[in-house]
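What you see below is based on every heavy atom in this structure, not just the backbone, and it leaves out hydrogens, waters and symmetry mates. In the text below, chain A, chain B and the rest are named by the order of the sequence lines, each starting its count at 1.
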Amino acid sequence: MHNLLHNLNPEQLAAVTLPAQSALILAGAGSGKTRVLTTRIAWLIQTGQVSPAGILAVTFTNKAAKEMMTRLSAMLPINTRGMWIGTFHGLCNRLLRTHYRDAALPQTFQILDSQDQLSVIKRLLKANNIDDEKYPPKTVMYFINNAKDQGLRADKVEAYDPIERKMVELYQMYDDQCQREGVVDFAELLLRTFELLSRNQPLREHYQQRFKHILVDEFQDTNDLQYNWLKLMAGHGQSNGGGALFAVGDDDQSIYAFRGANVGNMSAFEREFKVQNLIKLEQNYRSHGHILDSANMLIANNSKRLGKNLRTDAGHGEPVRIYEASSDLAEAQWIIEESKSLIAEGASRSEIAVLYRSNAQSRVIEHALFSAGIPYHVYGGQRYFQRAEVKHAIAYLQLMDNPHNDSAFLRVVNFPTRGIGLRSVEALQAAADQYGISLYAAVPYVAGKAGSSLGNFVKLVEGARFETQQMPLPELVRVVLEASGLLTHYQTEKEGADRIENLEQMVSAATQFVSEEGFGQGAPAHLGPKSLAQAGDAIVNEDGIEIIDADAALPTVMSPLSAFLSHASLEAGDNQATVGQEAVQMMTVHSAKGLEFNNVFITGLEEGLFPHESSSREEGGVEEERRLMYVAITRARQRLYMCFAQTRMLHGQTRYNLKSRFFDELPEESLKWLSPKVQSHWSANSRKSAWDETPLVGSDNAIAQKLVQKSVSTGAGWRIGESVAHGKFGEGVIVNLEGSGSNARAQINFGSHGMKVLDLSIAKLDRLGR
DNA sequence: CGTGCGTCGATTTTT
DNA sequence: TCGACGCACG
């Protein structure tokens, strides 16, 4: 046990060894948060305070859950089975599978990913002749998910206008449709579990008593439903008490409000649980001083913080280097030059990260890296299980497991083509609507030639199911790839080689899944009829209560095939296996959260881009952007670079941006402004002294001076891209010039004051710089 | 039934 | 600018 607590600092130690009460751990970036979480679990078990089965640890991503598992296995000699460590969605899936009957779901319910969900909605709109201009599928989807994330069913959503009323109606229709098909979307997994436990007292109490300790990672990212889910699990407000909720999070790293996360949950938790144990982890083990000072000073500009300041024992380190480029191309070129010298100094390419606010920015940088022959890896590409060919194969498997999944049916009914055209499908849809049944079930009601081709398709699926009944999962997958005609189809396609490779990878994915998830290598992928009949819900009623806990029941209620399909929906897999290569890492700031690198570039630091222009329209938007910047800065261990460009091509138009306001919020003494290679637009603020400290390199300086003087002496010669100052609107950049003489007008971007068109003969403008 | 062209839109993302 | 998607044609 001493080993366990050996290298913890006093705050970490205090957090790890807290009593079994609700606790809030404010864990700054790089403060050893995961270590605290895992060590606490290990400590609780090792000191005999709880058995592994009494632990419930919740994360947002599979990656985080896996990481916790791995670290725990290394710490504890005992088996980690019995502990429930997983994502909200994964844990809900487990509960719903076990208690499917109580949850009013079919045993083989399937999980829709966002793509599937959107297609269900599109289908729904079409089937009901709803104008998708007035009700765009994406908007409807957002409306539905938003309601579910707040824990609201259609009958509880308040509608204030006809559009909203229709949305609510669509929400209800959507839920009905999903119920008919036996499918649930991501939000539904949570809401359904929440409702199940709310309404079923014995079941609820069973799990409340079981989970003595509930630990949550990234608590600042919880939405309302997730928080209520946790409250329910922890038995909040119940006299017989439930588990102790140990919440770990960082309000300064809350960057997911746009998807429903509510930082307010942190203070709500503190208040509602009467949290006595609030511990701040402020010792940072990641970054050098200048980097940390920058992060601290920047984030201090936010109001409504719980309050936290990172400190380090490491020295100041290198200053933060800042570069102003003339264009997005020049910015990319500079990144390449700096990367090259880092690599020359011995830096590993995978320890260089290029971060950007939005994906569109990656193009130019990728291009430059490519031209320079530097290997790179872009995060956030398409995931394995999202690829079209893989989704097709999955759809066949889904139909074998639950033929009423209409999305799966439509995806492959005519793929590869087998003469089932639009008219056949329309006829089928009509029959299905008429009887209120699934497409699959409606096949017998379609007559004629269409009916017979459809009949053959059904036979194909039934045949595959029958044939594979006794097979282990990987073998089943192989048979389905063949029987579906997918392999043959891609063999004839000229660019099908990659796709075939992806399809064949599915067999190994199945093999790996079967061995990792303990479904037994030899077990048939389907359950025999007997085990299906026996498999059951927890038997729960008021008096003779017998609970079948999920641990015991799961293998009997879920076949390897069902489990594999859940896995495919819940874990979309990595994007491309280029991991082995030593490559520069490129990603959005959002996806960099949780990662760290020796060298980090934060790019495109311009008003409108970062902070993003749409953030100024949202309440608290700029503060969220600032937190995003905080996340970006705190990714760096040793060297941090920031850059921005005077001109940038965006959506086919050249934009002239002011440099980001965030530069004004950084400590000057930690920064090193690098010499501009071209005429500067003299950064529209009081950064002059910093320029002076870093004298311009001889010749560049002279050229820059001349250029500026020239533009001044031209008098009327205002220039697009030039920075100006206005008495009322402050600093801005000239974006466009029109007219001439006394009619001359300039369109000027004044950043937070917006875009203005000013008459140059009237407006009083000063050139900035000199 | 597959291809080709025109329109439209365009932060951020996990499950 | 560029890509995804929907519709018209061969």
Just checking [X]: base, sugar-phosphate only, or nothing, at a heavy-atom cut-off of under 4.0 Å?
{"X": "A:Phe258", "value": "base"}
{"X": "A:Ile420", "value": "sugar-phosphate"}
{"X": "A:Asn359", "value": "sugar-phosphate"}
{"X": "A:Asp185", "value": "nothing"}
{"X": "A:Tyr256", "value": "sugar-phosphate"}

Spacing of [X] atom [atom1] relative to [N] atom [atom2], expressed in whole Å:
{"X": "A:Asp113", "N": "B:dT13", "atom1": "CG", "atom2": "P", "value": "17 Å"}
{"X": "A:Lys138", "N": "B:dT12", "atom1": "NZ", "atom2": "P", "value": "12 Å"}
{"X": "A:Asn145", "N": "B:dT14", "atom1": "CG", "atom2": "P", "value": "16 Å"}
{"X": "A:Phe186", "N": "B:dT15", "atom1": "CZ", "atom2": "C1'", "value": "4 Å"}
{"X": "A:Arg94", "N": "B:dT15", "atom1": "CZ", "atom2": "C1'", "value": "17 Å"}
{"X": "A:Tyr356", "N": "B:dT12", "atom1": "OH", "atom2": "P", "value": "10 Å"}
{"X": "A:Arg627", "N": "B:dT12", "atom1": "CZ", "atom2": "C1'", "value": "13 Å"}
{"X": "A:Phe385", "N": "B:dT15", "atom1": "CZ", "atom2": "C1'", "value": "14 Å"}

Between [X] and [N], does any side-chain N or O lie under 4.0 Å from OP1 or OP2?
{"X": "A:Thr87", "N": "B:dT14", "result": "no"}
{"X": "A:Arg383", "N": "B:dT13", "result": "no"}
{"X": "A:Asn223", "N": "B:dT14", "result": "no"}

Any idea if B:dT12 is syn or anti, going by the 90°-from-0 cut? anti
Going by atom type alone, with no hydrogens or angles, which donor-acceptor pairs under 3.5 Å involve a side-chain atom of residues 256-264 of chain A and a protein atom two or more places apart or on another chain?
unit_1, atom_1, unit_2, atom_2, d
A:Asn262, OD1, A:Gly264, N, 2.9
A:Asn262, ND2, A:Asp224, OD1, 3.0

Out of curiosity, A:Ser358 OG to A:Leu609 CG, how far, rounded to the nearest 0.5 Å?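 Here the rounded value is 5.5 Å.
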To the nearest 0.5 Å, what is the distance between CD1 (A:Ile394) and OG (A:Ser569)? 7.5 Å
Residues touching DNA chain B, which here means a heavy atom under 4.0 Å, drawn from residues 609-626 of chain A: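 Nucleic-acid contacts, sorted: A:His612, A:Ser614, A:Glu618, A:Glu625.
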Please list, in numerical order, the residues of residues 410-417 of chain A that have a heavy atom closer than 4.0 Å to any atom of DNA chain B.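 Output list: A:Asn414, A:Thr417.
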Would you call [X] and [Y] a salt bridge, taking side-chain N to carboxylate O under 4.0 Å as the test?
{"X": "A:Arg153", "Y": "A:Glu188", "value": "yes"}
{"X": "A:Arg648", "Y": "A:Glu606", "value": "yes"}
{"X": "A:Arg305", "Y": "A:Asp252", "value": "yes"}
{"X": "A:Glu426", "Y": "A:Arg423", "value": "no"}

With rounding to whole Å, what would you report as the distance between C:dC5 and B:dT12 at their C1' atoms?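 Each nucleotide's C1' atom is 23 Å from the other's.
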Check: residues 111-121 of chain A side-chain donor-acceptor pairs under 3.5 Å, at least two apart:
unit_1, atom_1, unit_2, atom_2, d
A:Asp113, OD1, A:Gln115, N, 3.1
A:Asp113, OD1, A:Asp116, N, 2.8
A:Asp113, OD1, A:Lys391, NZ, 3.2
A:Asp113, OD2, A:Lys391, NZ, 2.7
A:Asp116, OD1, A:Lys391, NZ, 2.8
A:Asp116, OD2, A:Asp113, N, 3.2
A:Asp116, OD2, A:Lys391, NZ, 3.3
A:Gln117, OE1, A:Asn145, ND2, 3.3
A:Gln117, NE2, A:Asn145, OD1, 2.8
A:Gln117, NE2, A:Tyr174, OH, 3.3
A:Gln117, NE2, A:Asp185, OD2, 3.4
A:Ser119, OG, A:Asp116, O, 3.0

With sequence neighbours left out, what residues match A:Glu218 under salt bridge (Lys or Arg N to Asp or Glu O under 4.0 Å)? A:Lys33, A:Lys593
Taking N and O atoms by type only, does the side chain of A:Ser569 place a donor or acceptor under 3.5 Å from a partner on the base of B:dT15? no
Go through the steps for A:Leu225 and A:Gln150 under the test side-chain contact (heavy atoms from CB on, under 4.5 Å), then give the verdict. CA-CA 5 Å; A:Leu225 178 55; A:Gln150 291 177 60; over 6 Å; no
With DNA chain B as reference, determine whether A:Arg418 or A:Thr61 sits nearer its 5' end, using the nearest nucleotide of each.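 The 5'-side residue here is A:Arg418.
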Which comes earlier along DNA chain B counting from the 5' end, the contact point of A:Gly90 or that of A:Arg423, where each point is its nearest nucleotide? A:Arg423
Its contact letters, B for base, S for sugar-phosphate only and - for none at protein heavy atoms under 4.0 Å, make nucleotides 1-10 of chain C read BSS--S----
Does any non-hydrogen side-chain atom of A:Val733 lie less than 4.5 Å from one of A:Glu607?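 Counting from C-beta outward, A:Glu607 and A:Val733 never come under 4.5 Å.
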Treating A:Thr98 as the side-chain partner and A:Arg94 as the backbone partner, does any N or O pair qualify as donor plus acceptor under 3.5 Å?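 Yes; judged by distance alone, with no hydrogens or angles, the pair exists.
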Determine whether a donor-acceptor pair (N or O, by modelled atom type, separation under 3.5 Å) exists between the side chain of A:Asn128 and the backbone of A:Leu124.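 A pair under 3.5 Å: yes.
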Closest listed nucleotide, where the reference is the side chain of A:Asn62 and the choices are B:dT13, B:dT11, B:dT15: B:dT15
Any idea which of B:dT15, B:dT13, B:dT11 is nearest the A:Ser114 side chain? B:dT15
